[in-house]
**Q** 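Structure below; questions to follow.
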Amino acid sequence: MNAIGQPLSRADGRLKVTGKAHYSADVRMEGALHASIIHSTIANGRLLVLDTAAAERAPGVVAVFTARSMPRFNPTPIPWSHLRPHGQSYLPLQDDMIHYAGQPVGLVVAHSLDQAAYAGELAKAEYELQPPMVFSADAAREAIDPPQFLWPVRTSVGDAAKALAAADVRIEQVYTTADRHHNQMEPHSTLASWDAGGTLTLVDTTQHIFGTKQLVAIVLGIPPEKINVVSEFVGGGFGGKAYVWPHTLLAAAAARVLKRPVRVQLTRAQMYSMVGHQPATIQALRLGADRTGRLRGISHESISATSVFDNYIEYAANAARFLWGASGGISTGHKIVHVNRNTPTAMRSPHEALGHFALECAMDELAYATGVDPVQLRLLNDTDNDPLTGRPFSTRGMRQCLLEGAERFGWRNRPPKPRSMGKGRYLIGQGVAGAVYTHWRWPAKARVTLNSDGSALVEAGMHDLGTGTYTVMQQVAADALGLPADKVTVHLGDTRLPESHAAIGSATMANAGAAVLLAARAARDKATGTNAGVVAEAGYDPVDEANGPKAIFSFAAVFAEVRVDEELGQVRLNRIVGAYDAGRIINPKLARSQAIGGIIWGTGQALMEQSVTDPNMGRFLHRNYSGYLVPTNSDIPELEVLFVGRPDEEASPLGTKGLGELTAVSVAPAIVNAVYHATGKRLRDLPITIEKLMGG
Ligand code: MOS
């Protein structure tokens with residue numbers, strides 16, 4: 001019996017299609033009250049008055065909280081770390097300052113959500129209005145050096161400036177990306193209830209139950225042992241559900257004061273100001289090469305927007321640290337601009353997906369400048385050692401991704417010149433881009449119970465974001481125990497289970513999965529020679545990737561073919577081939593689903609997604625699915641997905657490397673490069689909208 005490698009359907013598929021999978025907002029609780037947030041309509045200034053008299057008298061209203069009545073919170077911890085909790089540092093309803101449009105200024109609690117929302121409309125606010133600070137090319141001139149919060153802010157290997165100055169061919173361009181929002185299908189929701197013994201239970205939409213537990217403990221000033229966080233099903237995390245956002249704290253505090261369960265459920269519009277987003281970037285990219293296309297120097301500098309109170313950095317220049325070798329040197333750096341908005345956060349292949357757009361479009365420009373084929377150019381600059389640390393890669397399937405992807409795509413038939421492929425009214429173009437994705441290594445625990453009837457239970461404080469965690473954990477345990485997969489039941493999403501890491505960074509399989517493997521092996525060993533049931537718990541405790549002997553990354557190459565209607569300025573996809581090295585693939589069906597999702601994310605990034613800010617009001621304008629465009633079925637053609645990696649035991653005992661987010665990286669540059677090949681127009685500002693393609 002070998003469950004690993006089988007294309008099993010989702011273990012929770014039936015629960016989902018029959019409505020029996022309960023997402024956090026589906027969980028009912030006796031006597032629960034509903035809360036609705038009153039928002040600031042201005043982006044910068046001070047709240048002078050919030051008249052809540054009419055709201056308090058409205059039908060069904062139980063309480064109205066403002067900065068006067070909301071209990072005081074403790075500050076959130078710094079510094080930031082993946083292994084510690086985090087949230088937006090500006091906490092709701094603590095003072096009268098206004099730092100962003102949509103900031104909570106009040107909370108109405110009522111017997112129904114409609115009653116609470118209606119009453120909120122009756123509150124009257126008066127503000128002292130300051131002009132908002134918004135992100136723009138002008139504002140970026142005042143960008144500052146941020147403190148480190150994830151990777152080093154600046155890196156330098158060799159002498160990039162000297163190498164660039166001495167290069168035969170130079171590409172120096174600025175690439176820009178738009179603000180974007182996560183737009184998961186499931187909006188955030190928190191149901192908070194306190195029991196008589198003072199224990200708080202949060203049924204929360206989160207990718208990080210343990211982080212939520214720890215952060216809420218700090219902010220509310222209660223011991224973590226007095227908090228349980230439950231998140232059994234998540235309808236898309238996309239990074240936005242890894243922080244603790246203000247509505248969760250409001251629900252917990254209101255429930256404590258009122259001694260009743262309180263639910264806060266965000267509306268779609270609130271998803272654009274309450275729970276993070278991906279900040280816009282302005283990236284200056286410089287490549288220097290010899291005439292044969294060999295890179296001498298790379299310089300990548302990125303500026304991104306953040307809130308006035310947090311130093312979130314979009315690490316876009318991180319891409320240039322690892323993707324290609326450059327003999328003379330590589331330098332990278334990041335700056336931030338504080339503006340009036342809520343705190344940005346990780347979103348759908350953060351950092352990499354933005355940086356690769358700039359780097360891989362610049363590589364395409366270099367291919368044309370040197371006359372070297374874009375696939376050849378990348379093969380030429382492939383590297384055996386991580387350029388930043390000099391360590392060898394554990395495995396690096398970049399070559400296989402490029403070669404096998406090119407073969408499947410039929411790249412060799414592509415005429416190199418722009419505007420040389422066409423069909424009827426359409427210009428056809430083909431583009432390629434390579435990708436590298438960070439492999440995170442985090443500790444995780446799991447418990448496996450092996451019953452005497454030959455069934456087993458896996459318990460881990462991990463999440464299934466819709467990616468298939470319930471299924472792959474079943475496969476891992478089944479093989480280790482020598483059982484068929486359907487004999488294994490998996491419980492996830494509760495802090496009363498063994499502690500796991502956040503479901504972020506495409507790290508679940510390699511780390512939480514490894515803990516399940518170790519716990520299942522321990523259960524099997526314990527069961528040898530007995531017919532009774534056994535329980536075994538195990539922890540996986542890897543060396544942090546940065547401190548290991550090898551550089552561990554996953555790799556990809558994406559090939560795109562577009563057709564462009566020049567008269568209408570419209571770009572349509574003909575086909576995409578993605579070739580991925582993510583080590584061993586545990587479930588090819590779910591892995592393919594991940595890849596399809598990632599390619600669709602990348603398509604949105606390339607052609608549609610943007611959150612435009614009104615410069616006068618400092619607000620995001622598009623606060624629904626009709627204003628914020630994401631790809632739909634009719635935008636997505638046949639997608640081909642190849643897995644070309646080999647098992648990487650140094651990445652994880654399972655041999656797997658990060659996959660999910662890898663698949664969204666370099667879709668956008670492959671599409672943008674294909675648009676250049678089709679039209680001869682080089683667009684450096686995402687998304688490529690009709691007006692940009694028709695203009696200039
Ligand atoms: Mo991902 S943006 O690290 O959930």
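Count residues from 1 along the sequence.
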**Q** Any non-hydrogen side-chain atom of D541 less than 4.5 Å from a side-chain atom of P443?
**A** yes
**Q** Any chance the rings of H351 and W151 have centres within less than 6.0 Å?
**A** yes
**Q** Tell me, do H338 and T306 make a side-chain contact under 4.5 Å, heavy atoms counted?
**A**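 SC-SC contact between H338 and T306 confirmed.
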**Q** Would the distance check show the side chain of S554 and the main-chain N or O of G658 forming a donor-acceptor pair, the cut-off being under 3.5 Å?
**A** yes
**Q** How long is the gap from CD on E404 to CZ on R399, to the nearest 0.5 Å?
**A**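 Here the rounded value is 11.5 Å.
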**Q** Can you run down the side-chain hydrogen bond (donor to acceptor under 3.5 Å, both in side chains) pairs that involve residues 229-242, sequence neighbours left out, and say none if there aren't any?
**A**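 Non-adjacent pairs meeting side-chain hydrogen bond (donor to acceptor under 3.5 Å, both in side chains): E186-K241.
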**Q** With the side chain counted from C-beta on, respond yes when P387 and V157 share a heavy-atom pair under 4.5 Å apart, and no when they do not.
**A** no
**Q** What I want to check is whether the side chains of T212 and T206 have a donor and an acceptor closer together than 3.5 Å.
**A**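 T212 vs T206: donor-acceptor pair found between side chains.
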**Q** Can you check whether G237's main-chain N or O pairs, donor with acceptor, with Q184's side chain at less than 3.5 Å?
**A**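 It does hold such a pair.
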**Q** How would you list, by chain and number, every residue that makes a side chain to side chain contact (heavy atoms under 4.5 Å, CB included) with A326, sequence neighbours excluded?
**A** L295, I298, I330
**Q** Can you tell me how far the OG1 atom of T176 sits from the CD1 atom of I282, to the nearest 0.5 Å?
**A** 7.0 Å
**Q** Looking at D179 and R341, does any basic side-chain N land under 4.0 Å from a carboxylate oxygen?
**A** yes
**Q** Any chance you could lay out the side chain to side chain donor-acceptor pair (under 3.5 Å) test for D204 and H188, step after step, and finish with the verdict?
**A** CA-CA 8 Å; D204 196 34; H188 294 236; over 6 Å; no
**Q** Run the salt-bridge test on E499 and K213 with the 4.0 Å N-O cut-off and return the result as yes or no.
**A**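 Salt bridge absent between E499 and K213.
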**Q** Start with the C-alpha gap between F409 and E640, add the side-chain angles, then the distance that decides, and say whether side-chain contact (heavy atoms from CB on, under 4.5 Å) holds.
**A** CA-CA 9 Å; F409 186 79; E640 280 198 80; over 6 Å; no
**Q** What is the minimum heavy-atom distance between A362 and L285, and which atoms define it?
**A**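 Nearest pair, atom of A362 first, then L285: CB-CD1, 3.6 Å.
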**Q** Give, for atom CG of L518 and atom NZ of K445, the distance between the pair rounded to the nearest 0.5 Å.
**A** 13.0 Å
**Q** Donor-acceptor check, side chain of D464 to backbone of Y470, threshold 3.5 angstrom: yes or no?
**A**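 Yes; judged by distance alone, with no hydrogens or angles, the pair exists.
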**Q** Is the backbone of I552 close enough, under 3.5 Å, to the side chain of E650 for a donor and an acceptor to pair up by distance?
**A** no
**Q** When you look at CG of D145, are more than 12 heavy atoms from neighbouring residues, nucleotides or ligands closer to it than 6.0 Å?
**A** yes
**Q** Any donor-acceptor pair under 3.5 Å linking the side chain of S652 with the backbone of D648?
**A**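 Flag not set: sc S652 to bb D648 has no pair under 3.5 Å.
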**Q** Calculate, to the nearest 0.5 Å, the distance between atoms CD1 and CD1 belonging to I303 and I336 respectively.
**A**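 Output value for this atom pair is 11.0 Å.
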**Q** Can you name the ring pair (Phe, Tyr, Trp, His ring centres under 6.0 Å) partners of F322, sequence neighbours left out?
**A** F553
**Q** Is any side-chain heavy atom of I671 less than 4.5 Å from a side-chain heavy atom of T603?
**A** yes
**Q** Do K657 and T395 get their side chains close enough for a donor-acceptor pair, meaning under 3.5 Å?
**A** yes
**Q** Ring pair (Phe, Tyr, Trp, His ring centres under 6.0 Å) with F357: which residues, sequence neighbours excluded?
**A**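 Partners of F357 under the ring pair (Phe, Tyr, Trp, His ring centres under 6.0 Å) test: Y175.
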**Q** Considering non-hydrogen atoms only, spot the tightest contact between G461 and I209 and give its length.
**A** O-CD1, 3.6 Å
**Q** Is there side-chain contact between V667 and Q605, with at least one heavy-atom pair below 4.5 Å?
**A**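 No - every pair of side-chain heavy atoms lies 4.5 Å or more apart.
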**Q** What's the shortest heavy-atom distance between A556 and L662, and which atoms?
**A** CB-CD1, 3.8 Å
**Q** Between T467 and Q594, is the side-chain contact (heavy atoms from CB on, under 4.5 Å) condition met? List the steps.
**A** CA-CA 7 Å; T467 48; Q594 290 256 284; 2.9 Å; yes
**Q** Checking side chain to side chain contact (heavy atoms under 4.5 Å, CB included) against T469, which of V234, L492, D12 comes through?
**A** L492
**Q** Can any side-chain N or O of N381 pair as donor or acceptor with the backbone N or O of G293 at less than 3.5 Å?
**A**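 Flag set: sc N381 to bb G293 pair under 3.5 Å.
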**Q** Between the side chains of S302 and E314, does any donor sit under 3.5 Å from an acceptor?
**A**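 Absent: no donor and acceptor within the cut-off.
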**Q** Can you confirm whether R584 sits close enough to E649 that some side-chain heavy atom of one is under 4.5 Å from a side-chain heavy atom of the other?
**A** yes
**Q** Output all residues satisfying ring pair (Phe, Tyr, Trp, His ring centres under 6.0 Å) with Y437, sequence neighbours left out; order by chain, then residue number.
**A** none
**Q** Indicate the ring-plane relationship of F238 and W601, choosing parallel, tilted or perpendicular according to the 30° and 60° boundaries.
**A**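 Aromatic pair F238/W601 classed perpendicular.
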**Q** Look only at the side chain of T471 and the backbone of A11, and say whether a donor-acceptor pair between them is shorter than 3.5 Å.
**A** yes
**Q** So how far is it from L517 CG to M473 CE, rounded to the nearest 0.5 Å?
**A** 10.5 Å
**Q** Please test I585 against Y580 for side-chain contact (heavy atoms from CB on, under 4.5 Å), starting from the C-alpha separation and ending with a verdict.
**A** CA-CA 10 Å; I585 299 301; Y580 305 101; over 6 Å; no
**Q** Would you confirm whether S89, through its side chain, and D310, through its main-chain N or O, come within 3.5 Å as a donor-acceptor pair?
**A**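 Here the side-chain-to-backbone pair does not exist.
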**Q** Can you measure from CZ (R524) to CZ (R521) and round to the nearest 0.5 angstrom?
**A** 6.5 Å
**Q** Donor-acceptor pair, R348 side chain versus H181 backbone, under 3.5 Å?
**A**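 Yes, the answer is positive, given that a donor and an acceptor are paired below the 3.5 Å cut-off.
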**Q** Distance only, no hydrogens: is a donor on one side chain within 3.5 Å (strictly under) of an acceptor on the other, for N318 and H300?
**A** no
**Q** Could you tell me which non-hydrogen atom of P392 sits nearest to which non-hydrogen atom of N385, and how far apart they are?
**A**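 Residues P392 and N385, closest heavy atoms: CA-OD1, 3.3 Å.
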**Q** For residues V153 and R321, report the shortest heavy-atom separation together with the two atoms involved.
**A** O-NH2, 3.2 Å
**Q** Do E459 and P498 come close enough that some side-chain heavy atom pair is under 4.5 Å?
**A**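 Yes, at least one pair of side-chain atoms sits under 4.5 Å.
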**Q** Could you walk me through whether K550 and R391 pass side-chain contact (heavy atoms from CB on, under 4.5 Å), step by step?
**A** CA-CA 5 Å; K550 299 282 181 65; R391 296 176 298 174; 5.7 Å; no
**Q** Do you see a donor-acceptor pair shorter than 3.5 Å between the side chains of Q400 and D581?
**A** no
**Q** Is D544 paired with R441 through a side-chain N to carboxylate O contact shorter than 4.0 Å?
**A** no
**Q** Quick one: does D384's side chain get under 4.5 Å of R396's, heavy atoms only?
**A**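 Answer no - side chains too far apart.
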**Q** Applying side chain to side chain contact (heavy atoms under 4.5 Å, CB included), name anything that partners S299, two or more places apart in sequence or on another chain.
**A**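 With sequence neighbours excluded, S299 shows a side chain to side chain contact (heavy atoms under 4.5 Å, CB included) to L164, R286, E301, S331, given in chain and number order.
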**Q** Taking the side chain from H463 and the backbone from I504, do they hold a donor-acceptor pair closer than 3.5 Å?
**A**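 Not confirmed, H463 side chain does not pair with I504 backbone.
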**Q** Give the minimum heavy-atom separation between V672 and C361, together with the two atoms involved.
**A** CG1-SG, 3.8 Å
